[in-house]
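Chain A is the first sequence line, chain B the second, and so forth, proteins listed ahead of strands; every chain is numbered from 1.
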There are 2 protein chains.
Amino acid sequence: MTDKDISTRPRRRTTLGDVAQRAGVSAVTVSRVLREPHLVSETLRERVATAASDLGYVPNRLASALASAQTNTIGVVVPSLTNGVFNDFLSALHNVFLPAGFQLLVLNSRYTDANEEKAIATLLGHHPEAMIVTGVDQTPGARRMLQHAGVPVVQVMELTDRPIDINIGLSQVEAGHAALRFLMERGCCRIAHLMAPLDARAVRRREAFEQEMVSRGMEPLVIASTRPTSVPLGAELLAALIERHPDVDAVWCSSDNLALGALFECDRRGIRVPEDISFMGFNDLEFCSIAHPAITSVATPRYEMGERTAEIVLEIIRGSGKRPEERRIDMGFEIRERDSTRKAPRP
Amino acid sequence: MTDKDISTRPRRRTTLGDVAQRAGVSAVTVSRVLREPHLVSETLRERVATAASDLGYVPNRLASALASAQTNTIGVVVPSLTNGVFNDFLSALHNVFLPAGFQLLVLNSRYTDANEEKAIATLLGHHPEAMIVTGVDQTPGARRMLQHAGVPVVQVMELTDRPIDINIGLSQVEAGHAALRFLMERGCCRIAHLMAPLDARAVRRREAFEQEMVSRGMEPLVIASTRPTSVPLGAELLAALIERHPDVDAVWCSSDNLALGALFECDRRGIRVPEDISFMGFNDLEFCSIAHPAITSVATPRYEMGERTAEIVLEIIRGSGKRPEERRIDMGFEIRERDSTRKAPRP
DNA sequence: ATCGTCAATGGAAGCGCTATCATTGTCGTT
DNA sequence: AACGACAATGATAGCGCTTCCATTGACGAT
């Protein structure tokens, strides 16, 4: 039975013309029924609709886009889908773009520049109405392509002085400074940083963190792994840290996943949090507030960034390309203190 | 300066013709340089390449696809990107399809049938070479569209007797039965199930779980929430469970995220795992083995499922539509026991 | 009765590319 | 010297749709 299904499948997909013929009208009329039904009499409108549904007609977006020079597509490149951060961002984009009649084309660069460049090329081949890329470290080739694309380009998550077009993000450098200051204010003095330098933004935070330590006369202490951030990696990095530096009293993790893994490892080793070591994460993913102990984290406005990005893009598209006053928007961040850094003051 | 960048942007994107003109050749030759360079003399090949790069030429995939009737695109619909399960699956698809010259178009149905149908329609509009959809509960409309698409269709994650075309997954029903049996064998007798019925597969597992309990004369005990699965939800569901049924001695969670949240909540309430309550999750996400206590989980072959799916699709496409012998492939599952169910035997 | 107006439809051209076939020129062969 | 074979290039015709403009007929205004 299923076999029959397959063999009876039409070899040629039904087109506008097929529908037109079946409805006894011209192709133009069918096209109009789909896009501007108010211009077509009700009689024909119904006849066309019936014919279309009988034939299981699905308009060919490729042809439509080619003819109209309108793809109603937004190209997005993110470095990871595993990381909850980008899901929140994408979710916001969806929520604004879909109702506006746009469709998202999302490609994953897996944290490598070459992939990002390839992804950008691929997306541009689809002629999106706008491009949204993560970070500000595109390759020269990618930059050039984006500059020549003739569509709005938004670089997100991070700030730069030389944006390609629009830049919406937060200062990773300030976040790095703030994190160290926060832990010091809580009385910590032997502070370590766990990170995965695959992410360019994590590297920027690390640099700021180290610089701040050096400027205070402290010895920078960073444990890094080239693997992508994950919960198991957090456990590993913490183990490595404790082995080499059993005297740490605070750990800042470059991602909440690392923090969670590190917390598990502490639990396993009988290290008490925050009594023995204070812990802080980054991004404030949803599990931070629910973990036990709850994890202090640097909250980033991922959802808001997505909304803002989408709104600005729509404004530009609808305003026939006019850019807003501010090309560079700082969305800020906020440290949410929870139990993992609430050490009882020393007697 | 940036302003200038914008204003000097070309209004019309460069086309094959532009490159041809600049290189002093015909459009056909440019097209050939891009697709079948061995057919073009080296002189022209270089001249064309230079012209293309000078103009920042990006081929228009829409036009190319329209003309060649080949999009080299695979359409994929998943219900969620937040859930690690689908990332592993997508990751496998990427790893097989990209090197084969195909590009993935991924849409998110957010666990609703209407969205799924819309996503399928949208993807079909892009004329993919194959469609991969999650689950087996497509709406009649979606089913019809897929049947008429004239391309291979794979339903994944779950098994059915009536596949649209190809079906690769695992039996959620068997998983439900197995989970209960596993816990009973470990001596648990008051067993609860925490779940989020947004996911059709979770519902199927629940039904099997309940049925198995009933058939053993036990009273089914399920706490559900209509919100999507998440770590915080796990904590909430556990709280609700304990309030109503303080006597439970085992909990099976429909996802590892729920299990993690529930574990945190136990920790917070001083409930010992596994001494007081045994815990089991589903999917075996990477944090299960690293959590403390490590979480017993039903491991699903997500990555392998993705690989298998991609391989079969490629086979069909390359074999000019010939389907494999087996239309329905059971990838199985496996319970990985860890500390969260390793209760010391009663004295 | 004649005109302009307007709603409702259709015809034709073309979006940027590729498939197909035709055309050129260069060989080696007899 | 004439031929076919073949490599290298170009001309042409679409792919399925939309845009633009032309056509038709019904209607109210003069």
* Heavy atom of residues 51-60 of chain A under 4.0 Å from DNA chain C: which residues? -> none

* Residues of residues 27-36 of chain A with any non-hydrogen atom less than 4.0 angstrom from an atom of DNA chain C: list those, numerically ordered, please. => A:Val28, A:Thr29, A:Arg32

For atom [atom1] of [X] and atom [atom2] of [N], their distance in whole Å:
X: A:Arg61; N: D:dG16; atom1: CZ; atom2: C1'; result: 14 Å
X: B:Leu62; N: D:dC17; atom1: CG; atom2: P; result: 14 Å
X: A:Leu39; N: D:dT19; atom1: CG; atom2: C1'; result: 13 Å
X: A:Gln21; N: C:dG10; atom1: CD; atom2: P; result: 13 Å
X: A:Leu16; N: D:dG16; atom1: CG; atom2: P; result: 10 Å
X: B:His38; N: D:dC6; atom1: NE2; atom2: P; result: 15 Å
X: A:Glu42; N: C:dA8; atom1: CD; atom2: P; result: 11 Å

* Asked: Are B:Thr112 and B:Asn115 close enough that a side-chain donor and a side-chain acceptor fall under 3.5 Å?
  -> yes

Would the distance check show the side chain of [X] and the main-chain N or O of [Y] forming a donor-acceptor pair, the cut-off being under 3.5 Å?
X: B:Gln70; Y: B:Ala65; value: no
X: B:Asn167; Y: B:Arg328; value: no
X: A:Thr29; Y: A:Ala27; value: no
X: A:Asn83; Y: A:Phe86; value: no
X: B:Arg22; Y: B:Ala51; value: no
X: A:Glu117; Y: A:Gly141; value: no

* Asked: Can you tell me if the side-chain N/O atoms of A:Ser64 get under 4.0 Å from OP1 or OP2 in D:dT18?
  -> yes

* Kindly say if A:Ser41 contacts the phosphate of C:dT9, meaning a side-chain N or O under 4.0 Å from OP1 or OP2. => yes

* Residues from residues 66-74 of chain B sitting under 4.0 Å of DNA chain D, heavy atoms only? -> B:Leu66, B:Ala67

* Do B:Leu105 and A:Leu105 come within less than 4.5 Å of each other through their side chains, counting heavy atoms only? -> yes

* **Sugar-phosphate, base or nothing in reach of B:Leu44, heavy atoms under 4.0 Å** => sugar-phosphate

* Structure fact -> Between B:Gln138 and the options B:Arg144, B:Gln155, B:Arg143, the side chain to side chain donor-acceptor pair (under 3.5 Å) test singles out B:Gln155

* Asked: Rounded to the nearest 0.5 Å, how far does NE2 of B:His126 lie from CZ of B:Arg61?
  -> 11.0 Å

* Closest contact, heavy atoms only, B:Pro59 versus B:Leu34 -> CG-CD2, 3.9 Å

